[in-house]
Structures are given as C-alpha cells and as structure tokens.
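Have a look at the structure below before the remarks.
Ligands are counted one by one from 1 in listed order, and the atoms in each one are counted from 1 as well. No hydrogens, no waters, no symmetry mates; every other heavy atom, side chains included, goes into these values.
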Amino acid sequence: MSEFDWIAWLKNAARQKLPARPDVLLGIGDDAALCDVPDGMQLAISTDTLLAGVHFPADTAPADIGYKALAVNLSDMAAMGAEPCWFSLALSVPDMDWDWLTAFADGLLELAAEHGLQLIGGDTTRGPLAITITVHGLLPKGQALLRSGAKAGDDIWLTGSIGDAAAALRQWQDKQMQSMKLRHRLDRPTPRVSAGIALRGFANAMLDVSDGLAQDLGHILTASGVGAELELGRLPVSHSLHDFYPDDSTRWQLQLAGGDDYELCFSAPPCHAFAIEQAMAACGVSVSVIGHITAEPGLRCLTPDGEQLVLAHSGFQHFDGPANVH
Ligand code: ADP
Ligand code: MG
C-alpha cells in the first residue's frame, strides 16, 4: 500500500460518510482546497497535534485516536463560539498499516459526520505517529468569545463535569482497575459545539478546559486582568468520579489540575444566568456556576468550610520537567 492508495481510500470514505458542502469549491485532490466564506462571517482557524504517550495512552484504540484528534480541535471551535465547517488532516505514521488507518478513519469520520464537517485536504508522511488537524469554522463578524473579556462580578460557569479524564489517566498510569465510563471520557471527549455557539451574546470570556481547570481559568484571568474565587463544593462531579474518588481533596486535585475533559469554562454577567440555563438546556448540556470573577488578581480555591486549597500541581505543561508523558 502506498500513501496514494491511502489518500484515495480516505477521499472515497469521506465522500461516502460526510456531506458535500456547497461552500467547498475544491476539496481533496489539488494543491490546495478552496472554500467560500459568506459575507458578514469571519473564519476561526485552529490547529492541534496529538502524540502517542503524550495526548493519549499508547494502548488507545485507533478509532478512539481518530475521534479524539478531531474532538480536541472541535472543542477549540466551541470555545470561540464558532461553527466548525472544514478540516484538514496532517498524518505522520510509521508505516501504512491498513487496519490501523481504516479504524482511525472510522473514528475520525464518525465525529466529522455528526458535525456536518467536510475533510478538505491534508498531508501524509512517514514518521513517528503524530496527528495534526486544522479546523476552520465560521463566526458572525465580531462575535467571537475571547479569553480577554471577563469582568469583575461575572459568574464563572462550567459545562458538564470535570475530572473524569484525569481520573481515567491516573487509573491507567497506576495500573489500577479501569472504569470504562471514566476511560470513555478520556478517549472520546464530547466537544461542546452547540453550547459554544449558543453562548454568543451571553458569555464575556470563554475557553475549553484541556490542561486543567486551574491553569486554563488562569489564562482567562491573565488575559482579562482580573482574578477569581472558585467554590470547590460547586465543582460538578460525575457519579463515576465520586464513586472512585470519594475523598474530597484527591478529587479536587484531579478536577483542578487534570486536563482532557474539554468542557467549556466561561464567565458571564449574573443578569444572563437564566438565559444561559435555558440555552444550555436546549443544547442538552448541563451547566453549573462554580465561582465568580474578582477585581483582585489571582485564583483562590475555597473549600466548603471557607478554607483556601493549595494545589500540588496546577495543570499540564509540555516543557515542565524532563519527559512529561501523560
Ligand atoms: P502535494 O504534493 O501537492 O502536497 P499530496 O500528495 O500531499 O500533494 O496530496 C494530494 C492531495 O491529497 C491533496 O489535495 C491533499 O490535500 C490530500 N491529502 C494528502 N494527505 C491527506 C490526508 N491525510 N487527509 C486528507 N487529505 C490528504
Ligand atoms: Mg502534501
């Protein structure tokens, strides 16, 4: 099998499983793709790379790798309030392992089909396994939700629940019994695309939680020049996480410093609280207020007793220490 066989196979599989969008004038097959951007809209563009042993455990099923590679990119679109439309796939693989490639494509195209995306191109090279996806999305001009818009007095909100993916990773690293529910959240995160779009006009600042809530919320605080108080007792917890980690401080550590959940964290003025609850219910996404933005800088995490929690780690960094494999 050559890379040309693979590209031809992928092009055909994508044509069967994904929509042919009218705004794609030229897709896979030429030197570049051509897409139309409607009047009054802006392009949102984001790229993420996944590496084995860094972004997913080495034993992850190829279909889950394909799913996750796109999910983390869609999550970035969600975090801007953008509607994802097109994506390209730069794939580096050690060899043309047909079983691996077709299973990988199944997971990838499954999620792409769910969101009506079209695969418009990419690149295929030989090398250590690395998957780089670039997603293009559309936004009405001026409506992107940035990290820099948080204001003192805003509520801080979180979609879904956090900590599950970090717990699954810890179970895998410690070679403990694996909860399938937790592992599913690590392998197949749900990008909150419809929720992100529905928050346009309500949220002042937003991002997706990929590297740990404390660190990621810290990015909003720095970009906005504000601080925050988090109420740990209000952090949304799944049943599975609670069952496996009943101890509060262990669980808080996983929730604050563990990444990979891809929930949306956003700030919004309290006057929008009801509208936000309604909008999220319409998307089928649960949502919680977990604290508020303060004028005083810094992040303070308060236990239900009003004590301040000191974090052992704040989140994942690629260049933090020697080989930082997670
Ligand atoms: P070039 O030499 O011009 O870069 P390639 O042989 O790399 O052309 O690619 C041929 C066509 O196949 C291009 O349209 C490219 O976008 C597409 N392509 C290559 N690899 C992939 C891939 N992994 N996923 C999707 N499209 C791909
Ligand atoms: Mg190329």
Side-chain angles (χ1 to χ4, degrees), residues 1-38 41 43-78 80 82-138 187-189 191 193 210 262:
M1 290 293 172
S2 73
E3 80 221 46
F4 299 113
D5 296 325
W6 152 247
I7 294 168
W9 183 90
L10 181 63
K11 182 179 176 181
N12 188 44
R15 192 176 337 164
Q16 282 175 16
K17 293 186 179 171
L18 306 182
R21 295 178 56 107
D23 51 13
V24 177
L25 310 177
L26 193 58
I28 296 174
D30 214 307
D31 294 313
L34 296 174
C35 301
D36 266 338
V37 178
M41 302 296 268
L43 267 186
I45 306 166
S46 177
T47 300
D48 256 324
T49 295
L50 260 68
L51 300 174
V54 179
H55 299 99
F56 52 88
D59 66 355
T60 305
D64 291 340
I65 298 172
Y67 189 100
K68 185 168 182 174
L70 184 58
V72 303
N73 276 280
L74 294 186
S75 180
D76 283 321
M77 289 290 114
M80 296 298 281
E83 182 197 339
C85 299
W86 318 303
F87 72 110
S88 62
L89 167 69
L91 188 61
S92 161
V93 281
D95 45 42
M96 283 283 119
D97 175 343
W98 208 251
D99 289 343
W100 191 94
L101 286 168
T102 51
F104 167 83
D106 277 348
L108 178 82
L109 298 179
E110 180 189 333
L111 184 61
E114 242 176 71
H115 289 273
L117 303 185
Q118 189 166 338
L119 177 62
I120 55 169
D123 199 20
T124 304
T125 52
R126 181 179 219 161
L129 180 60
I131 303 121
T132 300
I133 288 181
T134 299
V135 178
H136 296 76
L138 291 172
D187 290 341
R188 294 206 169 209
V193 173
S210 54
Y262 299 96

Worksheet, complete the sentence: Per-atom filter on ligand 1: closer than 4.0 angstrom to a heavy atom of Asp30 are 13 (C), 14 (O)

Practice prompt. Can you label the angle between the His136 ring and the Trp86 ring as parallel, tilted or perpendicular, going by 30° and 60°?
Written response: tilted

Item to complete: Please identify which atoms of ligand 1 are closer than 4.0 Å to at least one heavy atom of Asp31.
Response: 3 (O)

Discussion item. To the closest 0.5 Å, what do you measure between CG (Leu50) and CD1 (Ile65)?
Written reply: 8.5 Å

Worksheet item: Is Asn73 reaching over with its side chain to a backbone N or O of Asp48, donor-acceptor style, under 3.5 angstrom?
Response: yes

Practice prompt. Give the numbers and elements of all ligand 1 atoms closer than 4.0 Å to a heavy atom of Ile28.
Written response: 12 (O), 14 (O), 17 (C), 25 (C), 26 (N)

Practice prompt. With heavy atoms under 4.0 Å as the rule, classify the contact between Ile7 and ligand 1 as side chain, backbone, both or neither.
Written response: side chain

Practice prompt. Provide the number and element of each atom of ligand 1 under 4.0 Å from a heavy atom of Leu10.
Written response: 22 (C), 24 (N), 25 (C)

Worksheet item: Do Ile120 and ligand 1 have an N or O pair less than 3.5 Å apart?
Response: no

Discussion item. Please check: side-chain N/O of Asp30 versus main-chain N/O of Leu26, any donor-acceptor pairing under 3.5 Å?
Written reply: no

Worksheet item: So is Leu89 polar-close to ligand 1, meaning N/O to N/O under 3.5 Å?
Response: yes

Worksheet item: Is it true that a side-chain atom of Asp5 and a backbone atom of Ser2 form a donor plus acceptor pair closer than 3.5 Å?
Response: yes

Worksheet item: Would you say ligand 1 has an N or O under 3.5 Å from any N or O of Gly29?
Response: yes

Worksheet item: Within the distance-only criterion (no hydrogens, no angle test), does the side chain of Arg188 pair as donor or acceptor with the backbone N or O of Ala71 below 3.5 angstrom?
Response: no

